[in-house]
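Remember, it's 1-based here, ligands and their atoms both numbered in the order they're listed.
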Amino acid sequence: MKKIRAAILISGRGSNMKALVEAARDPDYPIEIVLVVSNREDAAGLDHAKHRNIPTLAVENRRYCDRESHENAIHTALVARDVDLICLAGYMRILTPGFVDKWPGRILNIHPSLLPKYPGLNTHQRALDAGDKKHGCTVHIVTGDLDAGPAVLQKKVAVLDNDNAKSLAARVLEIEHRLYVRALAMVANDMVLQGDGRELRQ
Ligand code: GAR
């Protein structure tokens with residue numbers, strides 16, 4: 001089975017990355033994870049990728065003089081691995097339009113809110129403060145505007161009366177893992193149908 005080659009970008013814990021890595025171990029899953037990149041070398045998620053023998057790379061933003069040169073280093077690593085699709089999984093840096101334009105429609109992100117509600121940070125507290133009865137998460141295509149690209153899939157959870165930001169975040173995180181696995185497979189299957197992976201085009 002020909003697979004879409006995906007890289008995952010993380011900044012920390014990497015539980016979404018882990019979910020994608022585990023899903024991709026299934027021979028029928030249409031994705032091969034070919035690289036995990038972190039902008040922090042102490043990101044806990046890197047250990048799990050290493051454990052699964054997935055190549056990892058820390059490209060520490062603090063070692064670069066500006067955003068562009070940091071992103072260029074990541075871009076070079078992705079191209080070197082023949083990456084078709086980039087999955088942001090708790091990657092806590094905003095990508096510049098210059099980088100996004102090099103990967104049109106080829107960057108996915110998971111965001112812990114029902115976009116277009118609550119782009120940016122502190123989404124769980126903001127949902128609680130607004131008295132929302134439903135909260136959730138969204139997998140979307142990344143565009144040049146923060147957390148604003150078209151949604152691939154969205155999943156809701158009920159907000160409970162006794163929820164705080166921590167309990168709500170934990171429940172949303174659980175559904176994030178399943179949603180990202182499904183959304184990534186959908187996007188990849190679409191790319192396979194269109195012959196739109198580097199390996200498939202050869
Ligand atoms: C996840 O909840 C993800 O949705 C969120 O960061 C967390 C990362 O957890 N991402 C964003 O807020 C991006 N705007 P993880 O490292 O365990 O996957």
Notebook entry, point to check: Under the salt bridge (charged side-chain N to carboxylate O under 4.0 Å, His left out) test, which residues partner Asp42, sequence neighbours left out?
Noted result: Arg40
Next item on the list: Output every pair passing side-chain hydrogen bond (donor to acceptor under 3.5 Å, both in side chains) with a member in residues 87-101, not counting sequence neighbours, ordered by first then second residue.
Entry: Glu71-Thr96
Margin query: Working to the nearest 0.5 angstrom, can you tell me the gap between Ile54 CD1 and Ile8 CD1?
Written below: 6.5 Å
Check: Near ligand 1, which residues have a heavy atom under 4.0 Å away from one of its atoms?
Finding: Arg13, Gly14, Ser15, Asn16, Gly90, Met92, Ile110, His111, Pro112, Leu173, Glu176
Notebook entry, point to check: Between the main-chain N or O of Tyr118 and the side-chain N or O of His111, is there a donor-acceptor pair closer than 3.5 Å?
Noted result: yes
Margin query: Any donor-acceptor pair under 3.5 Å linking the side-chain atoms of His70 with those of Asn61?
Written below: no
Tell me which donor-acceptor pairs under 3.5 Å the side chains of residues 178-187 have, and how far apart each pair is, sequence neighbours excluded?
unit_1, atom_1, unit_2, atom_2, d
Tyr180, OH, Leu88, N, 3.3
Tyr180, OH, Leu88, O, 2.8
Tyr180, OH, Leu108, O, 3.2

